[in-house]
Student: 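I have a structure here, written as structure tokens, and I will follow up with some questions on it.
Since we're looking at a predicted model, the values are computed, not measured. Note on naming: letters A, B, ... go to the chains in the order of the sequence lines (proteins, then strands), and numbering restarts at 1 for each one.
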Amino acid sequence: MTLQQFMNEAISPWMREDGPDSDIVLSSRIRLARNFAQYSFPILANESDLESISSFIRDEYEHQSFQDYTSFSFIPIQQLTPVERRVLVEKHLISPHLAEQDHSSAVLISENEQVSVMVNEEDHLRLQLYFPGFQLSEALSNVFELDDWLEEKVNYAFDEKRGYLTGCPTNVGTGMRASVMMHLPALAWTQQITRMIPAINQLGLVVRGIYGEGSEATGNIFQISNQITLGKSEEDIVEDLQSVARQLIEHERKARNRIMEQSGKRLEDRIYRSYGLLAYSRVMESKEAATCISDVRLGIDLGIIDGVTGNIFNELMILTQPGFLQQYAQKSLTPNERDILRASLIRERVKLEN
Amino acid sequence: MECQECQQRPATLRYTQVINGDKTEVYVCDVCAKEKGYMTYPEEGYSLHQLLSGLFSPPIDNQQHTPKQQKNELQCPKCEMTLSKFKKLGKFGCSQCYQTFEEYLDPMFRRVHSGNTAHHGKIPARKGGDMRIKKQMNAYKEELQRLIKNEAFEDAATVRDKINALKKEMGGDDA
């Protein structure tokens with residue numbers, strides 16, 4: 001398979017589109033946790049109940065379409081190899097937790113990969129919907145419609161006082177986790193972000209690295225999401241998150257301009273050095289790759305690097321992950337082999353631009 | 001000033017919470033502060049699990065200290081989750097657990113969700129038909145009060161019409 005073909009399959013179709021503010025906000029996501037009223041939650045349910053849920057979802061929704069989200073495919077986790085599972089995690093279509101499951105867990109994915117519904121994760125159903133760029137309200141109204149569509153056939157566990165009932169007390173109420181993935185290199189360099197995080201936390205929002213809970217912010221990518229799910233409406237939660245994200249966008253743009261004015265040559269130097277590393281390295285660890293990719297993306301956004309499309313950043317961020325590298329190689333690789341393949345794949349991809 | 005929770009001990013803490021812009025203040029004693037979830041103590045556990053299981057505290061029970069729970073432990077009739085297991089895991093076993101362990105939930109939710117204990121969001125479209133109308137009605141009633149307070153009587157009349165329309169929808173006998 002050529003790199004071009006591999007990339008075409010690896011990058012979710014929705015990611016190729018540009019959204020509003022997509023120079024800073026890579027994607028917006030809303031996730032809803034839902035459960036069937038009649039079955040115990042996956043943590044205690046017996047195998048036959050989980051099996052019933054899984055086959056119900058398959059019978060009712062496989063190959064179905066809802067609005068723009070066409071021909072859902074139903075994928076039982078059990079049938080996937082470890083590398084295939086990892087690839088789905090790296091594409092953010094399933095959670096690491098679902099990837100570890102064996103019995104009766106599955107995922108329903110729309111053709112454009114914008115929608116995925118995890119079956120028998122911590123909750124019976126976890127619906128998630130992505131939009132490119134900064135489009136949280138759009139994502140919310142779409143996921144609500146999707147939720148209603150599913151509810152036509154599913155008897156949800158819902159309580160008038162507590163809202164949507166979930167396995168974990170941290171999700172009860174709306175069952176909603178809204179998040180934006182943001183590229184904030186200037187705020188990270190100037191260390192402003194470390195001062196902003198405590199203030200953001202006070203608003204009931206959490207700042208994390210790209211892979212969610214407990215992960216570091218590699219490549220200056222930060223995920224900001226709501227912590228509280230009970231007591232506030234979905235619209236209010238999204239509104240709070242939006243206003244914080246809007247401020248971060250503004251601060252990031254200001255910080256970028258300030259760096260350009262005060263130390264433009266240094267910035268240019270750093271960006272070109274990273275570009276050089278990407279174009280000529282023979283061995284590259286994932287962390288170094290993420291840093292260089294972030295630098296180059298910033299160079300593209302600021303017009304320092306010409307003739308390279310911004311997409312290279314999104315593509316390389318995904319392709320240079322361990323799961324994808326192994327899928328590309330079609331075999332499992334040692335960390336050292338991965339670093340070599342990573343470097344060569346990046347070189348090839350950079351060449352495609354020229 | 002006495003504690004507003006137990007109305008026995010003197011209040012030693014002022015707890016201020018802001019939910020959707022509404023500020024409320026509660027004066028409580030340190031015992032209730034801990035038991036009712038007004039305060040979290042950082043030394044209570046470090047992992048998420050410990051943290052979650054540390055969120056439970058038994059309802060105040062001043063007279064009885066009998067260890068009857070040992071023999072006759074609270075258990076969910078549907079999924080057979082026991083109280084001690086629930087506390088240890090920090091997870092519910094099924095939707096029925098929310099009723100079974102109801103008395104333990106408020107303090108826990110308060111700590112996890114910044115003082116909130118009740119849902120104010122989406123209601124299922126199909127399942128929650130009546131609930132939706134009721135909720136909309138309450139929202140209109142609140143708005144009506146606010147408009148009257150601000151002497152915006154024309155707007156208030158519009159809202160009143162909306163309330164009447166909803167009443168009709170529900171069957172008309174809700175005076």
Student: Could you tell me which portion of A:Asn35 (side chain, backbone, both or neither) has an atom closer than 4.5 angstrom to a non-hydrogen atom of chain B?
Tutor: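 For A:Asn35, no heavy atom lies under 4.5 Å from chain B.
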
Student: Quick check against the 3.5 Å criterion: does B:Ser95 have a side-chain atom that pairs as donor or acceptor with the backbone of A:Ala37?
Tutor: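 Yes, B:Ser95 side chain to A:Ala37 backbone: donor-acceptor pair under 3.5 Å.
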
Student: Looking only at heavy atoms, which two atoms of A:Glu151 and B:Pro124 are closest? And how far apart?
Tutor: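 Between these two residues, the closest heavy atoms are OE2-CB, 3.2 Å.
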
Student: If you draw the axis of the six-membered ring of A:Phe144, does the NZ or CZ of B:Lys122 fall within 45° of it and under 6.0 Å from the ring centre?
Tutor: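 Yes, B:Lys122 sits over the ring of A:Phe144.
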
Student: So does A:Lys161 pair up with B:Glu102, basic N to acidic O under 4.0 Å?
Tutor: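 Yes, this pair counts.
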
Student: For a quick test of reading the model, state the closest non-hydrogen atom pair linking A:Asp148 to B:Ala125 and the distance between them.
Tutor: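 It is OD1-CB, 3.5 Å.
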
Student: Given the options A:Asp147, A:Leu165, A:Asp159, which has more heavy-atom pairs under 4.5 Å with chain B than any of the others?
Tutor: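 Maximum pair count with chain B is reached by A:Leu165.
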
Student: Between the side chain of A:Tyr39 and the main-chain N/O of B:Cys94, is any donor-acceptor distance below 3.5 Å?
Tutor: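 No, the answer is negative, given that no donor and acceptor are paired below the 3.5 Å cut-off.
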
Student: Any side-chain heavy atom of B:Lys91 within less than 4.5 Å of one from A:Leu44?
Tutor: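 With C-beta onward as the side chain, the pair stays apart.
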
Student: Under a 4.5 Å heavy-atom cutoff, which of A:Thr166, A:Asn46, A:Ile237 has the most pairs with chain B?
Tutor: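 Ranked by heavy-atom pairs under 4.5 Å with chain B, first place is A:Thr166.
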
Student: Judged by atom type as modelled, is there a donor-acceptor pair below 3.5 Å linking the side chain of B:Arg126 to the main-chain atoms of A:Lys153?
Tutor: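 Checking the backbone N and O of A:Lys153 against the side chain of B:Arg126, no donor-acceptor pair under 3.5 Å is found.
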
Student: What heavy-atom pair brings B:Phe92 and A:Ile43 nearest, and what distance separates the two atoms?
Tutor: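 Closest approach of B:Phe92 to A:Ile43: O-CG2, 3.7 Å.
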
Student: Shorter than 4.5 Å, heavy atoms on both sides: which option in A:Ala157, A:Gly173, A:Gly175, A:Pro42 has the most such pairs with chain B?
Tutor: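 Ranked by contacts with chain B, first place is A:Gly173.
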
Student: Within the supplied structure, the quantity of interest is the number of heavy atoms (other residues, nucleotides, ligands) at a distance under 6.0 Å from A:Gln202 CD; does it exceed 12?
Tutor: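 Counting neighbours around CD of A:Gln202, 12 or fewer heavy atoms of other residues, nucleotides or ligands fall under 6.0 Å, so no.
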
Student: Decide if atom CZ of B:Arg14 counts as having more than 12 heavy atoms of other residues, nucleotides or ligands within a radius under 6.0 Å.
Tutor: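 No - once you tally the heavy atoms of other residues, nucleotides and ligands closer than 6.0 Å, there are 12 at most.
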
Student: Could you tell me whether A:Arg162 and B:Asp106 make a salt bridge, using a distance below 4.0 angstrom between a side-chain N and a carboxylate O?
Tutor: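 Between B:Asp106 and A:Arg162 there is a salt bridge, with a charged N closer than 4.0 Å to a carboxylate O.
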
Student: Heavy-atom pairs under 4.5 Å with chain A are the metric here; pick the option from B:Gln96, B:Glu80, B:Lys78, B:His119 that has the most.
Tutor: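 Looking at each of B:Gln96, B:Glu80, B:Lys78, B:His119 in turn, B:His119 comes out on top.
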
Student: Can you tell me how far apart OG (A:Ser233) and CD1 (B:Ile123) are? Round to the nearest 0.5 Å.
Tutor: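 Going from the OG atom of A:Ser233 to the CD1 atom of B:Ile123 covers 11.5 Å.
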
Student: Looking at B:His113 and A:Thr229, what are the two nearest heavy atoms and their distance?
Tutor: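 Here B:His113 and A:Thr229 meet closest at CE1-OG1, 2.9 Å.
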
Student: Let me know if A:Asn155 has heavy atoms under 4.5 Å from chain B in its side chain, its backbone, both or neither.
Tutor: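 It is both, since atoms from each part get that close.
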
Student: Report the option among A:Gln227, A:Arg34, A:Glu152 that has the most heavy-atom pairs separated by less than 4.5 Å from atoms of chain B.
Tutor: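 With the most close heavy-atom pairs to chain B, the winner is A:Glu152.
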
Student: For B:Phe109 and A:Val172, work out which heavy atoms get closest and say how close.
Tutor: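 Shortest heavy-atom contact: CE2-CG1, 3.6 Å.
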
Student: Which bit of A:Glu235 comes within less than 4.5 Å of chain B, counting heavy atoms only: side chain, backbone, both or neither?
Tutor: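 No part of it gets close to chain B.
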
Student: Might you point out which heavy atoms bring A:Thr170 and B:Val112 nearest each other, and give the distance in Å?
Tutor: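 Scanning both residues completely, I find the closest heavy atoms to be CG2-CG1, 3.7 Å.
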
Student: Would you say that more than 12 heavy atoms from the other residues, nucleotides or ligands in this model lie under 6.0 Å from the CD of B:Glu154, or not?
Tutor: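 Atom CD in B:Glu154 is not packed in, count stays at 12 or less.
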
